[in-house]
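Notes for the one structure printed next.
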Amino acid sequence: MNKFKIFSLALVASASVAKAQDIKEAKKAIDAEQFQKAKSLLKSIIKAKPSDGEANFVLGNIYLNESVVDSAKIYYLNGLEAADKKNLNYIGLGQIDLDEKNAAAAQANFGLATKDMKRKSVDEFIYIGRAYINSENPDYANAVAVLQRALAVEPQNAIALLTIGDAYYGANNQNDAYKAYRDAFTADPTLLRAKMQLGVLLKGAKSYDEAIKSFNEVIALNANYGPVYRELAETYYKWARNKPSTAKVNLQNAITNYEKYLSLTDYSLDSKMRHADFLILVKDYKKLEEVANKMIAENKVNPRIFRYLGYAAYENGNADVAIKSIEDFIKTPTNKVIGRDYLYLGLSKIKKGTSAEGVVDPAAFDAGLADIKKAIELEPLVVEELADFGKALFGKKQYTQAAAIFELGAANTESKNYLDDAVYYGISVYYGNASKPAEGRDKTALSNADATFDKILVASPTYDEAYLYKGRINSLLDKDDLIIKNYTEYANKATAKGPEELAKPATVKKVVESYNAIGAAYANTDKAKAIEYFNKTLVLDPANTYAAQSVKSLK
């Protein structure tokens with residue numbers, strides 16, 4: 001009886017090992033984005049059969065996909081010692097070479113991988129194509145070329161068709177990508193990723209309703225295919241962003257589908273990190289802070305989570321936590337620091353140095369501004385995210401600080417906010433100096449603002465207000481010739497629009513300002529001209545005391 005029990009257990013164990021040794025199950029788990037499950041299966045295969053080179057290679061690929069390069073390399077090197085399919089591991093090492101921008105070394109490794117290929121084998125070509133696609137420095141042309149070699153051998157190989165579709169998609173060749181994905185699904189109707197990618201193409205074309213229909217067709221075939229819910233979530237998110245009227249409903253749909261996606265993965269560290277990425281996208285910072293804190297409590301946490309905790313803490317008003325988390329992330333040498341890290345660090349320092357009344361400590365602002373400038377050095381278009389912050393400072397009449405923020409955007413003509421930031425910069429400098437006595441004005445900043453309005457007029461010649469602000473700025477600089485020139489330009493452009501424009505009280509007020517400023521500038525050198533312009537004011541505004549008194553004193 002005891003022997004029977006032991007024998008039964010041995011049979012169970014043998015069955016378990018046999019199941020673990022099925023690499024197809026691991027590949028299915030990878031396709032379902034159940035990476036923790038795939039790792040466990042692959043490690044079981046390697047333990048049961050160390051000579052399996054493909055298992056080492058596929059496991060290395062998972063680690064490389066997660067940016068754990070050291071672990072990936074260990075498995076690739078182990079795989080080279082294996083008896084079966086060891087050549088595949090040269091492909092993994094080749095992708096690491098591509099990531100390091102060493103194309104020659106990558107080619108050498110790919111050559112070793114294909115050196116002893118069987119005549120009708122295609123796996124090596126497919127894996128090399130995937131390496132070119134997945135590299136941090138993708139090479140879609142070479143990917144297509146090597147995948148065409150696979151298809152020359154097996155024209156109906158579904159995986160080769162799917163992979164070449166991905167290469168075409170990466171190269172923005174939508175038509176060939178569509179054909180490849182369609183052919184892949186025709187060749188193997190169980191290959192749901194190929195059908196899902198047809199929806200991804202629609203999502204990329206902003207045909208969000210059609211993309212959702214396409215993804216729902218995948219769900220109809222297999223409601224437990226997790227990746228399609230991630231694609232649905234991203235589609236609803238993009239739809240919300242592109243059509244604000246749908247934002248409330250579509251953002252909730254995005255969150256619901258992402259949670260469904262998570263429920264169908266194995267809640268691995270990688271899937272949790274992707275969840276954190278998504279929470280940043282949908283700006284659910286309360287949830288992000290909660291998720292980040294839970295992940296930090298776990299062992300072997302991905303250090304990137306400290307970045308996310310910092311972002312979330314800033315958005316949730318916890319400046320101290322934000323500063324500590326982001327500084328901890330930045331000071332770790334192995335972490336890849338991006339511009340956004342310094343952006344949030346700078347904003348957090350400014351927030352910490354801001355009183356309950358909204359008054360910003362100059363030292364804290366300068367420290368934060370220095371970090372924001374580091375962010376822009378790393379990632380110039382991060383300036384696009386500063387506009388709302390600058391406008392908040394402007395709204396609180398903190399014009400000097402607002403000008404410092406808007407100046408960063410005004411320096412980047414590639415920014416989508418360039419014109420808006422440039423205008424706000426010039427206006428902030430003006431208001432920041434308007435109430436100061438002559439000796440306290442920042443003449444350098446005023447001159448820069450004047451030059452910025454010149455650039456604005458090049459980019460937007462119809463922005464007549466630029467002349468008005470140039471006139472005001474030059475009034476603060478006591479430059480009579482430029483006061484006359486710019487205010488005259490504004491007044492002429494306003495009056496040229498005809499009676500309808502001059503019937504607007506706001507326009508009349510600005511033209512009156514222009515005539516009075518021109519009159520004042522002429523007062524010391526040409527009294528007749530001065531009187532002429534003050535009289536123009538009195539035509540528009542007979543009760544204007546300043547113009548009336550000026551005319552009286554000049555006669």
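Side-chain atoms are counted along with the backbone in the values below, which use heavy atoms only and exclude waters and symmetry mates.
Ring planes of Phe57 and Tyr127: perpendicular class, angle over 60° (limits at 30 and 60°). Ring planes of Tyr261 and Tyr258: perpendicular class, angle over 60° (limits at 30 and 60°).
Counting only N and O atoms by type, the side chains of Asn61 and Tyr76 include a donor and acceptor under 3.5 Å apart. For Tyr181 and Asp166, the side-chain atoms include at least one donor-acceptor pair closer than 3.5 Å. At a cut-off of 3.5 Å, with distance as the only test, a side-chain donor of Asn316 or Glu289 sits close to an acceptor on the other residue. With 3.5 Å as the limit, one finds no donor-acceptor pair spanning the side chains of Asn134 and Asn65. Side-chain contact check for Ser121 and Asp123: no donor-acceptor pair (N or O, by modelled atom type) lies under 3.5 Å. For Tyr75 and Asn89, the side-chain atoms include no donor-acceptor pair closer than 3.5 Å. Side chain to side chain, Asn448 and Glu407 fail the donor-acceptor criterion of an N or O pair below 3.5 Å. In this structure, a donor-acceptor pair under 3.5 Å is present between the side chains of Asp31 and Tyr225.
Taking a cutoff of 4.0 Å between a charged side-chain nitrogen and a carboxylate oxygen, Asp420 and Lys391 qualify as a salt bridge. Salt-bridge check for Lys213 with Glu217: failed, with every basic side-chain N at 4.0 Å or more from each acidic carboxylate O. Between Asp277 and Arg304, at least one side-chain nitrogen of the basic residue sits less than 4.0 Å from a carboxylate oxygen of the acidic one, meeting the salt-bridge criterion.
Atom NZ of Lys86 has 12 or fewer heavy atoms from other residues, nucleotides or ligands within 6.0 Å. In Asp388, the CG atom is not crowded: 12 or fewer heavy atoms of neighbouring residues, nucleotides or ligands sit closer than 6.0 Å. No more than 12 heavy atoms of other residues, nucleotides or ligands shown are found within 6.0 angstrom of NZ on Lys352.
Of the listed residues (Tyr425, Tyr399, Phe406), just one forms a ring-ring contact (aromatic ring centres under 6.0 Å, His included) with Phe394, and that residue is Tyr399. Paired with Tyr314 under the rule ring-ring contact (aromatic ring centres under 6.0 Å, His included), one option of Tyr344, Phe389, Tyr285 passes, and it is Tyr344.
Residues Ile372 and Leu343 share a closest heavy-atom pair of CG1-O, 4.2 Å.
Here the side chains of Lys324 and Asp320 are not in contact, with every heavy-atom distance at 4.5 Å or above. With a 4.5 Å cut-off on side-chain heavy atoms, Asn109 and Ile91 do not count as touching.
Atom CD of residue Glu100 and atom CD1 of residue Ile96 lie 7.0 Å apart, to the nearest 0.5 angstrom. Distance CD1/Ile326 to NZ/Lys331: 13.0 Å, rounded to 0.5 Å.
Within the cation-pi definition used here (under 6.0 Å to the ring centroid, within 45° of the axis), Lys238 does not qualify as a partner of Tyr208.
The backbone N or O of Leu264 sits less than 3.5 Å from a side-chain atom of Gln34, completing a donor-acceptor pair. With hydrogens and angles disregarded, no donor-acceptor distance shorter than 3.5 Å links the side chain of Asp52 to the backbone of Ala82.
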